[in-house]
Amino acid sequence: MSSAVPVLLLAVAGILCGGVYSLHKQGASRGAVGFVGLLALLALGGGVLWLVPS
């Protein structure tokens, strides 16, 4: 299970990055784009930090 978590987090980050792009192209508010972007960065950071050996 622990090897699947970073893969899932990185996949979620990719999906959220696509959402940020889509929201931006559709003219969504800056707050919505920023919030989804923040979630993408958190998922990406979590996935990368999970891979760092402790």
Please table the atom pairs, donor to acceptor, closer than 3.5 Å between any side-chain atom in residues 17-26 and protein atoms at least two apart or in another chain.
{"from": "Ser22", "atom 1": "OG", "to": "Gln26", "atom 2": "NE2", "distance (Å)": "3.2"}

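Between Leu9 and Gly46, the shortest heavy-atom distance links the atoms CD1-C, 3.7 Å. Residue Ala13 comes nearest to Leu44 through the heavy atom pair CB-N, 3.7 Å, listed as atom of the first residue, atom of the second, then distance.
Under the 4.5 Å side-chain heavy-atom criterion for ILVMFWY residues, no single connected hydrophobic cluster contains both Val48 and Trp50.
Residue Leu38 belongs to a hydrophobic cluster whose other members are Leu42, with links defined by side-chain heavy atoms closer than 4.5 Å.
Here the CG-CG distance, from Leu51 to Leu10, works out to 6.5 Å after rounding to the nearest 0.5 Å.
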